[in-house]
Asks: 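There's a structure below that I have some questions on.
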Amino acid sequence: MSAPPWWSTAVLYQIYPRSFADANGDGVGDLPGIRRRLDHLVRLGVDGVWLSPFYRSPMADFGYDVSDHCDVDPVFGTLADFDALLADCHAAGLRVVVDLVPNHTSDEHPWFVASRSSRDDPRRDWYVWRDPAPDGGPPNNWIASFLPEPAWTYDEATGQYYLHQFLPQQPDLNWANPEVEAAVHDVMRFWLDRGVDGFRIDVAHGLGKDPELADDPEDLLPQPHVGHNDRPETHPILQRMRSLVDGYPGDRMLVGEVYLLDTHRVAPYYGSGDELHLAFNFPPLFAPWEAEAWRGQLATTYGLLDPVGAWPTWVLSSHDAPRHRTRYGGSEERARAAAALLLGLRGTPFLYAGEELGLLDADVPPERVVDPGGRDGCRAPIPWEPTAGHGWPVEPWLPFPPEVETHSAADEWADPRSTLDLYQRLLSARRASPALRHGEQRVLDTPPGVLGWLRTAGADRRAVLVNFTDRPVELEGTEALGATAGWIVEVASDGVGEGSRNVGRLGPDQALWLRPA
Ligand code: GLC
């Protein structure tokens, strides 16, 4: 049997460059800052990074509004800085996945500047332009994300509306035009030629549009997004991206943001092994911290993906949603148990920078709010040091998260009870175990409030038990204990009992990783 591809056994770590580390002292993180902190990632034990956009951008959506896909924004550094970061990552054994934002550009991108300059411009049709409705209003009833306002903005000069699924500063590209596809493929080649290991495709589910631009059903408004979500036109687009990356040596990978909140609709984005290698599956991210909810998420995810040979992904936190510690009510113990759950599941886990420190979302006072999508809290800067400034040379662009005095990376590296130490133990145990990296998974019978499963690869076996309640639970008489009696606690989310025998009891909000004695 050939070795599983790297992206199926890897743990990837998302870096939001603005908030990671600031080398040049302007209060915004940058590529040289990331380079200086690579030792943190190597010591932590992740296999690669996904970098959120660092391209030239007016920053209306903090980099997800790209004005030049093939250059680095000066706030983040230079192309030479990128090359140096990539080389350092590869030398350290870390893969590098970059964000690709193909659904839209900035309104300051030269493509859009040309497109809006006149109805006759050769690039007019690179974006979605339409005449006003008979009453002068937008061409249809589509609603944009974030604001929610019409997904159309009127351009006085040329007398038409342009489409934008997000901000007015993020006009949607017209993927029905083959020149657009060719231009985006050139962007992909630019980064593949530089040596990146893959792309995280932004809004992968939204590239194709209804050619009729029919109204969305009124009863679903204001959040239906039917005409520009999950359209059949999107699949051939992804197939051709897949062919492009498969033409490169070295197992380059596509992971798509398939933001459909329904795993039934996510599964088709893997195609028959000819679309995305991996797709984000967001329903688990929004599931409550309850054993039954997670039992359902596991059943749905594996039930839909396994039959079509699709490898799952798991993610608890990102730059778009409140951090999981915040979502689960603020308990750090619970967030730690969630880490043992995430890293113990069959599939590719994605960590979001700062979750390994057990960070909460920042409380962002109204005068410091900058994101039109309300996502500032989870984008708070990473505290590196316990001292004033926390490793940031000047006041960063967003306030620090709470508990910054006790949750800096330096403090946590020095404390064997820290959440950072737990993540390191989990990642090291996972790396050492074929069962955890790519083994089969079977859910065990467990008492209410507990979820447990076995992982198996050949002779290698592990078990994961998670107590979702804030009370101790006895496993006496359950399959969960029968299958693991006498096993050794390899990692405990609260650090309690590691190295001793499984006694069939889980502490409140405790998760255990067990191995045969
Ligand atoms: C994706 C990104 C998000 C961004 C949006 C528009 O959802 O993850 O941060 O705002 O696309 O590009």
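In each ligand, atom 1 is the first atom listed, and ligand 1 is the first ligand listed. It should be emphasised that the depicted structure is a prediction, and the values quoted were computed from it without experimental measurement.
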Asks: Do Ser243 and Asp246 pair up side chain to side chain, a donor and an acceptor below 3.5 Å, judged on atom types alone?
Replies: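 The criterion, which ignores hydrogens and geometry beyond distance, is not satisfied for Asp246 and Ser243.
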
Asks: Any side-chain donor-acceptor pair under 3.5 Å between Asp73 and Ser57?
Replies: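 Distance-only check fails for Asp73 and Ser57.
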
Asks: With atoms numbered from 1 as shown, which atoms in ligand 1 lie under 4.0 angstrom from a non-hydrogen atom of Phe166?
Replies: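 Per the distance check, 5 (C), 6 (C).
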
Asks: Using non-hydrogen atoms of the residue, decide whether His205 is closer than 4.0 angstrom to ligand 1.
Replies: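 For ligand 1, residue contact (heavy atoms, under 4.0 Å) with His205 is absent.
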
Asks: For Gln170, take its heavy atoms, then give the atoms of ligand 1 lying under 4.0 Å from any of them.
Replies: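 The list of qualifying atoms is 6 (C), 12 (O).
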
Asks: Strictly under 4.0 Å, does any heavy atom of Phe146 approach an atom of ligand 1?
Replies: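 Flag set, Phe146 near ligand 1.
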
Asks: For Arg379, is the nearest heavy atom under 4.0 Å from an atom of ligand 1?
Replies: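 True for this residue.
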
Asks: For ligand 1, which atoms have a heavy atom of Asp61 less than 4.0 angstrom away?
Replies: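 Answer for ligand 1: 4 (C), 5 (C), 6 (C), 10 (O), 12 (O).
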
Asks: With a 3.5 Å distance limit and no angle check, can you tell me whether Thr419 reaches the backbone of Leu357 through a side-chain donor-acceptor pair?
Replies: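 Side chain of Thr419 to backbone of Leu357, a donor-acceptor pair under 3.5 Å: no, none is there.
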
Asks: Is the NZ or CZ atom of Arg130 both under 6.0 Å from the centre of the six-membered ring of Trp152 and within 45° of that ring's axis?
Replies: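 No, Arg130 does not lie over the aromatic ring of Trp152.
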
Asks: Ser317 and side-chain hydrogen bond (donor to acceptor under 3.5 Å, both in side chains): which partner among His324, Gln14, Arg323, Arg325?
Replies: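 Answer after filtering His324, Gln14, Arg323, Arg325: His324.
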
Asks: Closest heavy-atom contact between Glu257 and Val203?
Replies: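 That would be OE1-N, 2.7 Å.
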
Asks: Going by heavy atoms, is Gln165 under 4.0 Å from ligand 1?
Replies: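 No, Gln165 has no heavy atoms under 4.0 Å from ligand 1.
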
Asks: Under 4.0 Å, heavy atoms only, figure out whether ligand 1 is touched by the backbone of Asn103, its side chain, both or neither.
Replies: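 The answer is neither.
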
Asks: Atoms of ligand 1 less than 4.0 Å from Val203 heavy atoms?
Replies: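 Counting from 1, the qualifying ligand atoms are 11 (O).
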
Asks: Considering all heavy atoms of both residues, which atom of Ala114 and which atom of Arg123 are nearest to each other, and what is their separation?
Replies: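 It is CB-CB, 4.1 Å.
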
Asks: Relative to the heavy atoms of Arg200, which atoms of ligand 1 are at a distance of less than 4.0 Å?
Replies: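 In order of numbering, the contacting atoms are 2 (C), 8 (O).
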
Asks: Without hydrogens or angle criteria, can the side chains of Tyr162 and Asp172 be said to hold a donor-acceptor pair below 3.5 Å?
Replies: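 Note: Tyr162 and Asp172 side chains miss the donor-acceptor criterion.
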
Asks: How far is atom 7 (O) of ligand 1 from its nearest protein heavy atom, and which residue and atom name does that atom have?
Replies: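 Looking only at protein heavy atoms, the one closest to atom 7 (O) of ligand 1 is Glu257 OE2, 2.7 Å.
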
Asks: Could you list the atoms of ligand 1 found under 4.0 angstrom from a heavy atom of Arg375?
Replies: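 Contacts of ligand 1 toward Arg375, numbered from 1: 3 (C), 4 (C), 9 (O), 10 (O).
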
Asks: Would you confirm whether Glu412, through its side chain, and Leu420, through its main-chain N or O, come within 3.5 Å as a donor-acceptor pair?
Replies: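 The answer is yes, because a donor-acceptor pair under 3.5 Å joins these two groups.
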
Asks: With atoms numbered from 1 as shown, which atoms in ligand 1 lie under 4.0 angstrom from a non-hydrogen atom of His104?
Replies: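 It comes down to these atoms of ligand 1: 6 (C), 12 (O).
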
Asks: For atom 1 (C) of ligand 1, which of Asp202, Val101, Asp320 has the closest heavy atom?
Replies: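 Considering heavy atoms of Asp202, Val101, Asp320, the nearest to atom 1 (C) of ligand 1 sits in Asp202.
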
